[in-house]
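Structure record follows, encoded as structure tokens.
All of these numbers come straight from a predicted model, not from anything done at the bench.
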Amino acid sequence: MAPPRYRGPDPPLRARDEEPNRNKESLHDFDRLDHLVRPLRGEFLALEPTARELLFTAARTPNSFTDEPVSDEQLRAIWELAKWPPTSANTNPMRVLYLRTEPARERLIPHLAEGNRDKSASAPVIAVLAYDTQYTEHVPRLLPFRPEIKEMLEADPVHHQEQARFNSALQAGYFLLSVRAAGLTAGPLGGFDAAGVDREFFPEGRLRSFLVVNIGRPGDNPWFERLPRLEYEEAVRLI
């Protein structure tokens, strides 16, 4: 009999970073952050207004970029921040390929939709986000208190890949916010030939691209007019 399917998004017993026998000091990690998570005086959010603008309310998707370079340190800092939010069973299936050299970026451009090519050509760095089809290889290390999750996921190949795509999509959102947190702009693109990108950059077949992200500082006339969003009353129900 095949083992039962694990569907997530949360590990079946405990939160992603919580082990049954954590040391006493780690139990108080959140307590040490208590002053950071309390809402600001007179507000309902703990995040400072300037940080909200940087990450959310004033952040925009650019259509052009300056030629100001993005450093190795910035690219590393983006990942070091983006890796922390949750994924199902802490699986972390997303992988990132940074294209910074001109020859590398030129290899990508023909695989983009025609309307996306100019904006990507102007970006100093382009990130290709992909999911690892063999992500469960790392489960025993990433979820040491439930290593059997590896076999549970692999017992159902369809669900195994559904989880890879779902959790990578979560991580893509974290990645975009991390780019903004680095003081850079992020331009995500879904208009590209994924099969062509995979042949070009991931010929071994293990990684599957699902999003392209232009990264840099905004150039000339970088924005369209700000588009509306749904209001709370339109999108949220409370029962």
Side-chain angles (χ1 to χ4, degrees), residues 1-34 36-37 46 55 75-98 127-182 186 188 190 192 194-195 197-199 201-213:
M1 180 183 297
R5 292 174 62 172
Y6 168 60
R7 292 187 175 274
D10 298 319
L13 292 181
R14 298 178 181 271
R16 67 186 288 268
D17 294 323
E18 183 181 0
E19 296 184 31
N21 297 311
R22 293 192 307 167
N23 61 52
K24 185 175 181 180
E25 180 182 359
S26 66
L27 290 173
H28 300 289
D29 286 346
F30 193 78
D31 292 340
R32 290 199 293 267
L33 298 178
D34 185 64
L36 296 179
V37 299
L55 298 178
L75 296 178
R76 175 178 285 274
I78 290 167
W79 176 255
E80 293 297 341
L81 187 60
K83 71 182 182 182
W84 289 112
T87 55
S88 302
N90 201 31
T91 46
N92 291 265
M94 191 183 80
R95 306 291 179 260
V96 182
L97 174 65
Y98 286 127
V128 179
L129 306 189
Y131 64 88
D132 184 354
T133 61
Q134 301 176 36
Y135 67 96
T136 44
E137 168 188 329
H138 303 287
V139 166
R141 178 168 62 91
L142 296 175
L143 199 71
F145 57 93
R146 290 298 304 274
E148 71 275 14
I149 294 296
K150 178 179 187 294
E151 286 71 31
M152 293 172 68
L153 285 166
E154 292 173 353
D156 186 337
V158 172
H159 180 63
H160 181 269
Q161 293 305 294
E162 287 175 347
Q163 285 293 298
R165 291 187 290 271
F166 170 74
N167 286 291
S168 292
L170 285 179
Q171 288 187 279
Y174 309 148
F175 182 85
L176 297 178
L177 291 176
S178 298
V179 171
R180 293 173 174 181
F192 65 97
V197 170
D198 293 347
R199 286 192 299 270
F201 295 101
F202 311 125
E204 70 286 349
R206 174 165 174 162
L207 302 185
R208 306 279 174 82
S209 59
F210 68 94
L211 191 68
V212 169
V213 183

With heavy-atom distances below 4.5 Å as the criterion, would you say the side chains of [X] and [Y] are in contact?
| X | Y | answer |
| --- | --- | --- |
| His159 | Leu153 | yes |
| Val139 | Thr91 | yes |
| His138 | Pro93 | no |
| Phe175 | Pro85 | no |
| Lys83 | Met94 | no |

Pairing residues for [X] by the side chain to side chain contact (heavy atoms under 4.5 Å, CB included) criterion, not counting sequence neighbours:
| X | answer |
| --- | --- |
| Leu176 | Ala186, Pro188, Val213 |
| Ala195 | Asp193, Arg199 |
| Ala181 | Leu55, Leu81 |
| Pro140 | Pro147, Lys150 |

With sequence neighbours left out, what residues match [X] under side chain to side chain donor-acceptor pair (under 3.5 Å)?
| X | value |
| --- | --- |
| Thr133 | none |
| Glu148 | Arg146 |
| Ser209 | Asp198 |
| Arg95 | Asp132 |

**Asked** Can you list the residues that meet the ring pair (Phe, Tyr, Trp, His ring centres under 6.0 Å) rule with Tyr131, with sequence neighbours excluded?
**Response** none
**Asked** Which residue pairs pass the salt bridge (Lys or Arg N to Asp or Glu O under 4.0 Å) test when at least one of the two sits in residues 172-181, sequence neighbours left out?
**Response** none
**Heavy-atom donor-acceptor pair, Asn167 side chain to Ser88 backbone, under 3.5 Å** = yes
**Message:** Could you work out, with salt bridge (charged side-chain N to carboxylate O under 4.0 Å, His left out) as the rule, every residue matching Glu204, not counting sequence neighbours?
**Reply:** none
